[in-house]
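The chains referred to below are lettered A, B, ... by the order of the sequence lines, with proteins before strands, and numbering in each begins at 1.
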Amino acid sequence: MQPQYQPAAIEQQVQKEWADNKSFRAIDASHKPKFYCLSMFPYPSGKLHMGHVRNYTIGDVLSRYYRMRGHNVLQPMGWDAFGLPAENAAMANHVPPAKWTYDNIAYMKKQLKSLGFAIDWDRELATCRPDYYRWNQWFFLRMLEKGLAYKKTGTVNWDPVDQTVLANEQVIDGRGWRTGALVEKREIPMYYLAITRHAEELLSSLDRLPGWPERVKTMQANWIGKSFGVRIAFPHVLDGKPDKLWVFTTRADTIMGVTFVAVAAEHPLAAKAAKRDPALAEFVEACKRGGVQEAEIASQEKKGMPTGLFVEHPLNGQKIEVWVGNYVLMSYGEGAVMGVPGHDERDFAFAWKYGLPIRQVIDFEGRPYSMHAWQSWYADYGVCVNSGKYDGMSYERSVDAIAADLKAKGLGEKQVTWRLRDWGISRQRYWGCPIPIVHCGSCGDVPVPDDQLPVLLPEDCVPDGSGNPLNKRPDFVDTACPKCGKPAKRETDTMDTFVDSSWYFLRFACADQHASMVDERLNYWLPVDQYIGGIEHAILHLLYSRFWTKVMRDFGLVKLDEPFTRLLTQGMVLNEIFFRKSDAGRIEYFNPGDVQFEMDSQGKRVGALLLSDGKSVESGGIRTMSKSKNNGVDPQTLIDQYGADTARFFMMLASPPEDTLAWNDEGVKGQYNFLRRLWKFAHDNQALIRDEKERGVDGVAKDTRHHLHQHLRQATFDYERKQFNTVATATHKILNLLEGDAVALLPPVARSVLLREGMAILLRLLAPITPHIAQALWRELGFGADILEASWPEVDEAALVQDEIDLVLQVNGKLRGNIRVARTADRAVIERLAIQNPNAQKHIAGQTVKKVVVVPGRLVNIVV
RNA sequence: GCCGGGAUGGCGGAACUGGUAGACGCACGGGACUCAAAAUCCCGCGGUGGCAACACCAUGGGGGUUCGAUUCCCCCUCCCGGCACCA
């Protein structure tokens with residue numbers, strides 16, 4: 001056995017054995033319970049970042065833990081390989097996105113292997129391969145047949161200089177990222193998937209996902225946004241003919257407080273009014289300028305303009321003016337809202353700005369109401385007031401009554417409305433899955449027949465930033481109509497990459513199947529037992545995957561309602577930002593690795609200096625690691641310097657998996673030292689640990705065994721609840737215990753028994769987190785050939801029982817000492833001992849004891 | 001703006017169902033070993049007062065429930081994630 005810990009040699013050796021033995025190949029059948037453990041597949045951006053290392057370490061720890069607990073584990077890996085960054089890299093380096101992507105995959109695969117992840121590489125897939133994306137196309141055609149995929153116009157960001165559709169990410173402060181031109185909204189035809197048809201089930205089946213975090217389920221429920229309300233018509237006369245302006249509201253109880261109606265800039269009524277009013281036309285156009293991002297639209301200043309049109313209040317016939325409001329969304333409800341400034345904050349701000357009347361129609365138990373300042377409780381539910389026949393009614397009663405009255409007049413009805421919109425999947429980009437449609441002059445849009453799939457994406461394009469490069473490829477675009485055979489053009493839009501990631505978890509069960517999208521092996525492996533990925537995917541990716549699964553189920557392709565049984569959403573990895581601002585106002589960012597800190601004598605940081613010139617830099621707070629802020633840390637440096645085990649161990653120790661993790665280089669060395677200490681301790685005591693003579697543990701170092709088994713119980717409990725930082729802590733505590741004086745002073749036989757037991761526990765607790773060193777020591781110390789096959793250590797309940805326990809002594813809830821009592825001591829004895837305690841006496845000091853609270857096994861509190 | 005989450009020493013974090021706040025680690029300070037350095041080992045380490053025993057204060061801020069609150073309830077501040085074309 002080597003006296004020194006040599007991670008590079010150990011890790012290479014152990015990884016070679018795993019590869020030679022195909023240790024992580026998942027078998028499609030077993031008497032053991034199956035465990036499908038999946039981490040979200042990476043986008044091959046170049047090299048692994050810390051978020052990847054964290055994500056895949058969590059997944060690997062769970063995979064290895066469940067394997068040791070007797071499960072047949074599948075942990076696959078693939079590549080989310082289509083996407084925008086490949087096109088950006090292509091423009092910057094004049095390399096085709098395909099080559100860039102495949103090179104990145106090769107490098108990142110090497111990195112994943114060097115981290116020792118227990119992955120079944122035989123099932124690897126990449127979404128940019130035709131044998132994967134052909135099934136996107138095939139399934140899209142099935143959805144088209146069923147009407148679940150359809151064509152309609154949608155709004156996109158348009159760069160007028162480059163004549164290109166921009167992703168939201170490419171719009172910076174309302175301007176195109178390359179041209180700096182002001183971005184416009186533009187309507188273009190797109191394909192949509194009818195996810196709203198599944199809204200009800202996507203919402204209701206969240207209740208059948210107990211293994212999902214509540215916050216993710218809440219976010220999804222809010223995103224789907226089921227609202228119960230009333231659809232209300234405001235009658236008016238338009239071009240001499242009677243017409244109705246429809247609005248949707250969840251607060252029909254406030255209808256008598258309506259003082260205006262506002263429509264979206266895209267609303268037909270706005271267009272009509274704009275024809276007669278150039279100022280209004282200008283305003284409507286101004287609203288249409290700018291990007292399509294909801295955050296941008298919703299946070300802009302509320303602006304409006306009257307249309308000069310009037311409608312009638314549906315219940316009292318009052319004349320109400322119609323406004324155009326930039327805060328009204330065309331995509332939600334009717335694209336028009338009734339304005340109730342008395343009880344809606346946005347309407348209040350709007351009315352205040354334009355001098356529209358504000359009317360109180362809800363009473364809040366007589367609390368004083370002022371129309372000069374908004375109070376957050378004005379939007380609460382209450383009782384109708386100033387509302388004629390509805391006065392005194394509660395929310396439910398007034399809504400029922402108002403809906404009934406509106407229905408009788410043909411001016412409204414109760415309605416359920418969803419916030420969820422259908423999923424637009426058309427992208428005007430090159431590096432994605434082609435949409436299998438041919439546009440024929442005679443036959444229109446013709447689906448590509450199944451036997452002509454896949455529609456292959458040419459892999460040698462180099463985009464230049466203007467338009468979609470596929471439009472410049474006659475070899476791709478020009479084709480024959482599958483129906484009539486005449487010359488026709490291929491659709492050049494590609495699919496949203498969320499399509500690729502909406503079903504890849506199914507494909508891992510049958511990655512070698514080329515005759516069909518999925519096969520019967522899915523029935524064994526699916527659903528995914530544990531899914532792990534970033535919290536930033538809590539809504540879109542997870543919702544689309546749930547939707548896709550349900551559609552595949554409806555088509556009879558899979559037998560599952562939900563794809564992911566348990567979900568762990570890991571927190572983001574953050575790092576501090578350092579910068580200098582030049583006189584010209586330009587900001588230069590510096591990598592935290594190039595910055596050194598000045599400390600005071602207490603170790604408190606007082607300044608930050610750039611290593612290269614020794615001058616100070618400013619701190620810009622802590623953000624997610626990104627290229628633009630130059631605050632990323634390359635995990636490869638860490639692996640090269642300390643080895644995979646240290647990188648993995650530190651990642652798990654630093655923070656609970658679901659919390660954000662602020663990067664801190666300093667701690668890494670400490671964990672490397674721990675593994676070195678472990679190795680040295682094992683080396684120095686190998687003779688004692690190896691000694692296998694049959695010896696009982698009865699009466700051996702009772703106190704130490706008590707602590708050992710307490711740590712084991714805690715660590716196992718923490719594995720189960722996936723709090724790996726305290727598992728790592730427990731391994732520290734065990735090594736501290738084994739190294740401590742209590743053990744060193746034992747006679748050799750007792751020491752040998754204890755060290756052997758302690759080490760056997762410690763190595764198995766470490767095996768999921770630091771598998772290489774655990775395997776090496778397991779073998780060196782003679783516990784067995786392969787720790788992968790070892791079973792989980794069992795807690796010795798007898799070791800946990802103590803004869804005497806310490807109770808916390810409190811007076812009026814304040815700590816005043818401890819008392820030691822027998823395990824079996826009854827309440828009366830504890831009370832007497834507590835009151836007699838000299839320190840307690842000091843604080844009771846003449847006051848009367850009102851009562852004594854005894855929490856068995858924990859504390860006693862004297863109340864005076 | 002809307003939805004979700006978070007805030008505990010110099011730092012990462014711990015505290016299981018409301019029961020000793022700061023486990024464990026890092027950083028820092030002191031000491032041992034060494035010609036020296038590294039490595040290693042030992043001691044200290046929330047704040048204030050005190051020689052000490054100890055006392056008081058302290059879990060973002062304010063209020064409440066309780067014998068007892070980091071934990072439960074209400075209000076506020078700041079930070080992070082998502083907002084449908086980044087993945």
Side-chain angles (χ1 to χ4, degrees), chain A residues 40 42-43 45 80 83-85 154 156-157 165-171 214-216 218-219 221-223 225 292-300 302 327 331 345-346 376 419-421 423-424 426-429 496-498 501 534-541 543-544 571-572 574 599-605 621-624 650 653-656 658-664 666-671 673-674 676-677 680 714 717-718 721 723 725-726 728-733 736 806-815 817-818 839 850-853 855 858-859 861-864:
Chain A
M40 289 180 187
Y43 177 77
S45 54
D80 189 11
L84 199 52
V156 294
N157 302 304
V165 174
L166 297 178
N168 282 336
E169 190 190 49
Q170 298 171 319
V171 179
E214 279 308 317
R215 62 168 161 162
V216 174
T218 307
M219 279 192 261
N222 290 338
W223 184 264
V292 299
Q293 286 173 69
E294 191 192 320
E296 189 191 327
I297 294 163
S299 56
Q300 67 196 0
K302 313 256 170 303
Y327 69 102
S331 54
E345 191 171 0
R346 283 179 312 178
S376 61
R419 211 187 75 94
L420 184 68
R421 309 199 294 260
W423 174 14
S426 294
R427 298 290 180 268
Q428 298 69 43
R429 311 206 187 292
D496 180 5
T497 55
F498 275 122
S501 56
I535 183 67
E536 68 274 19
H537 296 291
I539 294 175
L540 292 181
H541 161 61
L543 192 65
Y544 292 146
M572 318 260 310
L574 315 177
M599 305 285 194
D600 68 8
S601 60
Q602 265 93 57
K604 215 182 278 185
R605 204 173 97 190
I622 295 172
R623 293 281 161 76
T624 54
F650 177 66
L653 180 88
S655 189
E658 308 213 350
D659 288 9
T660 50
L661 188 159
W663 187 253
N664 166 25
E666 303 290 353
V668 181
K669 221 172 123 191
Q671 302 329 308
N673 286 342
F674 169 76
R676 282 210 321 200
R677 230 175 83 205
K680 188 168 182 306
Q714 185 67 45
F717 177 71
D718 288 341
R721 64 170 171 162
Q723 188 174 295
N725 56 322
T726 46
T729 293
T731 62
H732 274 135
K733 289 178 179 172
N736 287 349
D806 285 319
L807 292 184
V808 169
L809 175 60
Q810 294 182 335
V811 178
N812 281 351
K814 292 207 165 190
L815 175 68
N818 288 285
N839 206 34
K850 267 203 267 177
K851 70 171 174 178
V852 180
V853 180
V855 183
R858 267 249 150 79
L859 63 67
N861 186 16
I862 302 165
V863 186
V864 300

Revision key, fill the gap. Expected string for nucleotides 79-86 of chain B under the B/S/- scheme (protein heavy atoms, under 4.0 Å, primed atoms plus P, OP1, OP2 as sugar-phosphate) is -SSSBBBS

Practice item. Mind listing the closest non-hydrogen atom pair of A:A538 and A:M219 along with its distance? Key: CB-CE, 3.8 Å

Practice item. Have a look at A:P656 and say if it touches a base, only the backbone sugar-phosphate, or nothing, with a 4.0 Å heavy-atom cut-off. Key: sugar-phosphate

Exercise for review: Give the rounded distance in Å between these two atoms: CG of A:N725 and P of B:rG13.
Suggested key: 9 Å

Check your understanding: At under 4.0 Å between heavy atoms, what does A:R721 touch on the DNA or RNA strands: base, sugar-phosphate, or nothing?
Key -> sugar-phosphate

Review point. RNA chain B: A:T218 or A:L653, which has the more 5' nearest nucleotide?
Key: A:T218

Point to revise | Test side chain to side chain donor-acceptor pair (under 3.5 Å) applied to A:Q428 - qualifying residues, sequence neighbours left out | key: A:D493

Study note, to complete from the structure: Here the helical stems involving RNA chain B, each at least 3 consecutive Watson-Crick or G-U pairs closer than 3.5 Å, sorted by first residue number, are B:1-7 with B:77-83, B:10-12 with B:24-26, B:28-32 with B:40-44, B:46-49 with B:54-57, B:60-64 with B:72-76

Study note, to complete from the structure: Between A:E658 and A:R215, the two heavy atoms sitting closest are O-NH2, 3.5 Å

Using nucleotides 48-53 of chain B, report all nitrogen or oxygen pairs with the protein that are shorter than 3.5 Å.
none

Practice item. Check whether any side-chain N or O of A:Q723 sits under 4.0 Å from OP1 or OP2 of B:rC24, and answer yes or no. Key: no

Check your understanding: Hey, does A:Q714 have a side-chain heavy atom less than 4.5 Å from the side chain of A:Q723?
Key -> no

Point to revise | Rounded interatomic separation in angstrom, taking CZ from A:R215 and C1' from B:rC3 | key: 13 Å

Review point. So A:L807 and A:N818, side-chain contact (heavy atoms from CB on, under 4.5 Å) or not? Walk me through it.
Key: CA-CA 6 Å; A:L807 292 184; A:N818 288 285; over 6 Å; no

Point to revise | Nucleotide nearest A:R677 when distance is taken to its side chain, options B:rG19, B:rC16, B:rC41 | key: B:rC41

**Study point:** Beyond-backbone contact of A:V668 with A:W663, side-chain heavy atoms, under 4.5 angstrom
**Key:** yes

Exercise for review: Could you tell me whether the phosphate oxygens of B:rA14, OP1 or OP2, come under 4.0 Å of any side-chain nitrogen or oxygen in A:T726?
Suggested key: no

Point to revise | Protein-nucleotide distance (A:R858, atom CZ; B:rG18, atom C1'), rounded to Å | key: 10 Å

Exercise for review: Write down the distance between CG (A:L859) and C1' (B:rA69), rounded to a whole number of angstrom.
Suggested key: 14 Å

Practice item. Step by step, work out the side-chain contact (heavy atoms from CB on, under 4.5 Å) result for A:L653 and A:Q671. Key: CA-CA 9 Å; A:L653 180 88; A:Q671 302 329 308; 3.2 Å; yes

Practice item. State which residues pass salt bridge (charged side-chain N to carboxylate O under 4.0 Å, His left out) with A:D80; sequence neighbours excluded, sorted by chain then number. Key: none

Exercise for review: To the nearest Å, give me how far apart CG (A:D659) and C1' (B:rA14) are.
Suggested key: 12 Å

Practice item. Please tell me if the side chains of A:R677 and A:N736 come closer than 4.5 Å, counting only heavy atoms from C-beta onward. Key: yes

Exercise for review: Decide, for B:rG31, between syn and anti: a glycosidic angle within 90° of 0 counts as syn, anything else as anti.
Suggested key: anti

Exercise for review: For B:rU40, take OP1 and OP2 only and decide whether either is under 4.0 Å from a side-chain N or O of A:R676.
Suggested key: yes

Review point. Atom CG of A:N736 and atom C1' of B:rC43: how far apart are they, to the nearest Å?
Key: 15 Å

Check your understanding: Does some side-chain heavy atom of A:N725 sit less than 4.5 Å from a side-chain heavy atom of A:D718?
Key -> no

Can you check nucleotides 54-57 of chain B for protein contacts, nitrogen or oxygen pairs under 3.5 Å, and list what you find?
unit_1: B:rA55; atom_1: OP1; unit_2: A:R816; atom_2: NH1; d: 3.2
unit_1: B:rA55; atom_1: OP1; unit_2: A:H843; atom_2: NE2; d: 3.2
unit_1: B:rC56; atom_1: OP1; unit_2: A:R816; atom_2: NH2; d: 3.4
unit_1: B:rC56; atom_1: OP2; unit_2: A:R816; atom_2: NH1; d: 3.4
unit_1: B:rC57; atom_1: OP2; unit_2: A:K814; atom_2: NZ; d: 3.0

Review point. Is A:R421 paired with A:E294 through a side-chain N to carboxylate O contact shorter than 4.0 Å?
Key: no

Check your understanding: Which atom names give the shortest non-hydrogen contact between A:V808 and A:L815, and what distance separates them?
Key -> CG1-CD1, 3.6 Å

Exercise for review: Answer with base, sugar-phosphate or nothing: what part of the nucleic acid does A:E214 contact at a heavy-atom distance below 4.0 Å?
Suggested key: nothing

Study note, to complete from the structure: Closest heavy-atom pair, A:S655 versus A:D659, reported as atoms and distance to 0.1 Å, is OG-CB, 3.6 Å

Review point. A:N861 CG to B:rC67 C1': how many Å, rounded?
Key: 5 Å

Review point. Below 4.5 Å, heavy atoms only, C-beta onward: do A:V165 and A:N157 meet side chain to side chain?
Key: no

Exercise for review: Could you tell me the separation between the CG atom of A:D806 and the P atom of B:rU20, rounded to a whole number of Å?
Suggested key: 14 Å

Point to revise | Sugar-phosphate only, base, or nothing, as touched by A:K850 at under 4.0 Å among non-hydrogen atoms | key: nothing

Review point. If we take the P atom in both B:rA21 and B:rG60, what is their distance in whole Å?
Key: 16 Å

Study note, to complete from the structure: Which of B:rG25, B:rG13, B:rC67 is nearest the side chain of A:V863? It is B:rC67

**Study point:** Step-by-step side-chain contact (heavy atoms from CB on, under 4.5 Å) determination, A:V855 to A:N861
**Key:** CA-CA 8 Å; A:V855 183; A:N861 186 16; over 6 Å; no

